[in-house]
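Report on the following structure.
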Amino acid sequence: MSDGFPQQRQSQPAVPVLEEQRLGAILAAVPERSQWRYRPRRVGMMWRSKVFRAGAVIVALALCGLAILSMVRDQTGTQGFLVGLGLAVLPVPLLMSAFRWLDRVEPGPWRNLLFAFAWGACAAALIAISANSFAMRWLATATADPSSAYTLGTTVIAPIVEESAKAAAVLLIFLFRRKDFTGVVDGAVVAGFTATGFAFTENILYLGNAFGEDRAFGTSGLASITAATFFVRVVMSPFAHPLFTVLTGIGLGLAARGARRRRVRRIAYPLLGLLLAMGMHALWNGSASFGEYGFYAVYGAFMVPVFGLLTWLVIWSRQRELRTLAEELTAYAAAGWLTPAEPFALSSMRARGLARDVARHHYGGAHPPHGGGTYSPYGNAHLPHVSPYAPYGNAHLPYGSAHPAYGNGYAPARAPVPAPQPPGGWPRTQISAQLSAHAKAQARALGKSAARAVAEYESFATSLAFLRRRARHDVAGPDFAARERELLHHLWQRREVAAPALTHAARTMGRFRPPPTPAAPPHQPYAGPHVPYGSYHPGPHPYGPYGPQGPYNPYR
């Protein structure tokens, strides 16, 4: 053993010694990339790709949609499915528009809302139909009483399964899109879109089955089961499912506003909202078993007042968000990032719209496209010269600058390509018409660019206000300073166009009145010694070092 041990040590390959003299020779011996035998292993890189994750979510929802489509069509038939689809789609645009209106202050990205709607229409509906069918069969077998099994399934099993399935979409956005989920309004909007998608699929099933029963019994018109189902589910209670799930969304919204250190509240609020949603759903489903007028009693005495209360709560939260803008942005106005009138304009949706309209009309028609230096209709502030290559005034963004970074020069104009002309030239009237049409088109483009700049400015300012509010509540995260600098940078790039428009809107709407300018002191005549022009003064001159005898007199 003693003889073999040294032999094993000698047989091991020597490790190259890292010396500065040999470092170049070692690295030079590495083959080219095309001849590499070893490549880095991408462990988990595929799932980290945003494209892969988005594709996986879309494929999963598409598979759920195909499965639920097949199940609904098997239960209703092709004609029933088409009739149910045509009737169930009617309340969808109205509900989506109402929830989108609530989210106007800080609109969430459409990808989140479309995901919520697709989850409710496909995944949540598939889970609910499968679980409810299995529970109904199990209860019917266990109790040997189909009527009691149906009542127990609709009042207990269905609310738990359906509200849990719908709440999953809101929870996923809360966890993975946390920056877009900031409060009660965001939770209510996401929950509303999820429930709207679920109600859409459920209405297809109910209306399709009703149409099948009408065909079997030969009924039609207003006395048909389809008409009665449409009146109850689409006319009287299109807000039923959104009303239930909004409670869960409000719970998650309260959790999003709470501080990170208050973990009990962050868990208790969502659970309480989910339990309330299940309880209200159970009461709604069980109203038919309360007697002949049980449904109307629950509808009038409970559902309508709760709907009005929640509507008031969400609208109040929306107005509170607008007040938050005025409160939080005042600090940036005091620091010089905003004008004193901008927080008051940004806290009013009407003033925001007026600012966009003023910018569009001023840049699109109040003066020629290249007419810089004209008097601004916003007050005493002159608007900057606007170039079609840089829609945000003198603060040029990358796609309006000659430099790849944020340059200060206009992008060089491209050499125009001469158009073919007739031998005698164009008539003067036709040339004037072409020039006029080109000027109008250019002015409209500049007006749209200016309005878009104001809209982007409003969006960034809103995000900045909510970021500051979350920082005060200890929910902003460790990257608060970096995100604040980024938002201030975006505001600064657009302020020369947006600030005058918002200031004008605030004054026009009466939301801001500038403080009175103090009167200038009266003119006092000069009381010093009179020195004739050209005379010699031996002492210090009253005009200082630039006087006739001062060291900085250029004429000495």
Side-chain angles (χ1 to χ4, degrees), residues 53 57 99 102-103 105-109 111-113 115-116 119-120 123-124 127 159-195 198 242-281 306 309-310 312-325 327-328 462-484:
R53 287 183 293 180
V57 171
F99 285 110
L102 291 175
D103 202 28
V105 178
E106 190 184 18
R111 63 176 181 273
N112 294 348
L113 302 181
F115 165 78
W119 179 277
I127 295 172
I160 296 176
V161 173
E162 294 177 5
E163 294 306 321
S164 300
K166 289 183 291 183
V170 192
L171 181 62
L172 288 174
I173 295 178
F174 175 81
L175 295 176
F176 296 101
R177 290 291 183 267
R178 188 64 182 82
K179 294 180 181 179
D180 302 327
F181 203 111
T182 58
V184 173
V185 176
D186 293 327
V189 171
V190 172
F193 269 77
T194 306
F198 183 87
L243 180 62
F244 307 147
T245 315
V246 160
L247 293 172
T248 306
I250 291 176
L252 286 169
L254 292 175
R257 290 187 55 191
R260 296 179 181 272
R261 61 181 179 271
R262 299 179 179 177
R263 295 183 179 181
V264 177
R265 295 185 181 182
R266 289 169 63 87
I267 298 175
Y269 283 142
L271 291 179
L272 179 61
L274 180 60
L275 292 177
L276 290 176
M278 293 177 180
M280 186 180 296
H281 196 163
V306 171
L309 178 62
L310 289 181
W312 171 84
L313 176 62
V314 175
I315 294 178
W316 177 83
S317 301
R318 181 176 180 266
Q319 294 300 119
R320 191 173 182 275
E321 288 185 345
L322 291 174
R323 292 194 297 270
T324 300
L325 295 179
E327 295 171 0
E328 301 295 344
T462 303
S463 300
L464 180 63
F466 286 120
L467 178 65
R468 182 178 175 83
R469 186 191 67 178
R470 292 195 297 273
R472 289 196 300 105
H473 289 85
D474 193 22
V475 292
D479 58 343
F480 164 74
R483 293 168 64 186
E484 183 186 39

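Along the sequence shown, the residues carry numbers beginning at 1.
- Heavy atoms of other residues, nucleotides or ligands lying less than 6.0 angstrom from CZ of Phe176 number 12 at most.
- One N or O on the side chain of Arg178 and one on the backbone of Ala256 form a donor-acceptor pair closer than 3.5 Å.
- A heavy-atom distance below 4.5 Å is found between the side chains of Ile173 and Phe115.
- Panel note: side chain Trp119, backbone Ala165; a donor-acceptor pair is recorded below 3.5 Å.
- Atoms CZ and CG, on Phe181 and Leu171 in that order, are 9.0 Å from each other to the nearest 0.5 Å.
- In this structure, Thr462 and Phe466 have side chains that are in contact, with non-hydrogen atoms separated by less than 4.5 Å.
- Applying side-chain contact (heavy atoms from CB on, under 4.5 Å) to Leu247 and the options Leu274, Leu275, Leu310 leaves one that passes, Leu310.
- For Pro242 against Phe99, the heavy-atom pair with the smallest separation is CB-CZ, 3.8 Å.
- A distance of 6.0 Å separates CG in Leu464 from CD in Glu484, rounded to the nearest 0.5 Å.
- Here the side chains of Phe174 and Val190 are not in contact, with every heavy-atom distance at 4.5 Å or above.
- Nearest heavy atom pair, residue Ala116 against residue Thr194, reads CB-OG1, 3.2 Å.
- A parallel orientation is assigned to the rings of Trp316 and Trp312, their planes being inclined by less than 30° (bins at 30° and 60°).
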Legend entry - Derivation of the salt bridge (Lys or Arg N to Asp or Glu O under 4.0 Å) call for Lys166 and Glu163: CA-CA 5 Å; Lys166 289 183 291 183; Glu163 294 306 321; 2.9 Å; yes
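- The closest side-chain heavy-atom distance from Arg320 to Ile315 is not below 4.5 Å.
- Here Asp186 does not pair with Arg177 in a salt bridge; the nearest charged N to carboxylate O distance is not below 4.0 Å.
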Inset, instruction - Could you please spell out the steps behind the side chain to side chain contact (heavy atoms under 4.5 Å, CB included) verdict for Leu322 and Leu325? - result: CA-CA 5 Å; Leu322 291 174; Leu325 295 179; 4.2 Å; yes
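- The closest side-chain heavy-atom distance from Arg111 to Asp180 is below 4.5 Å.
- Closest heavy-atom contact between Ala188 and Val246: O-CG2, 3.8 Å.
- Interatomic distance, Glu162 CD to Ile127 CD1, rounded to the nearest 0.5 Å: 11.5 Å.
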Inset, instruction - Kindly indicate, with the supporting measurements, whether the criterion side chain to side chain contact (heavy atoms under 4.5 Å, CB included) is fulfilled by Asn112 and Phe193. - result: CA-CA 10 Å; Asn112 294 348; Phe193 269 77; over 6 Å; no
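- Residues Met278 and Ser164 are in side-chain contact: their nearest non-hydrogen atoms beyond the backbone lie under 4.5 Å apart.
- Separating the CZ atom in Arg266 from the CG atom in Leu271 is a distance of 13.0 Å, to the nearest 0.5 Å.
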Inset, instruction - Test side chain to side chain contact (heavy atoms under 4.5 Å, CB included) on Leu276 and Phe244 and set out the steps. - result: CA-CA 8 Å; Leu276 290 176; Phe244 307 147; over 6 Å; no
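- Between atom CG of residue Asp103 and atom CG of residue Leu113 there is a gap of 6.5 Å, rounded to the nearest 0.5 Å.
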Inset, instruction - Decide salt bridge (Lys or Arg N to Asp or Glu O under 4.0 Å) for Glu328 and Arg472; before the verdict, give the C-alpha distance in whole Å, the side-chain angles of both, and the deciding distance to 0.1 Å. - result: CA-CA 10 Å; Glu328 301 295 344; Arg472 289 196 300 105; 2.4 Å; yes
Inset, instruction - Could you please spell out the steps behind the side chain to side chain contact (heavy atoms under 4.5 Å, CB included) verdict for Arg483 and Ser463? - result: CA-CA 10 Å; Arg483 293 168 64 186; Ser463 300; over 6 Å; no
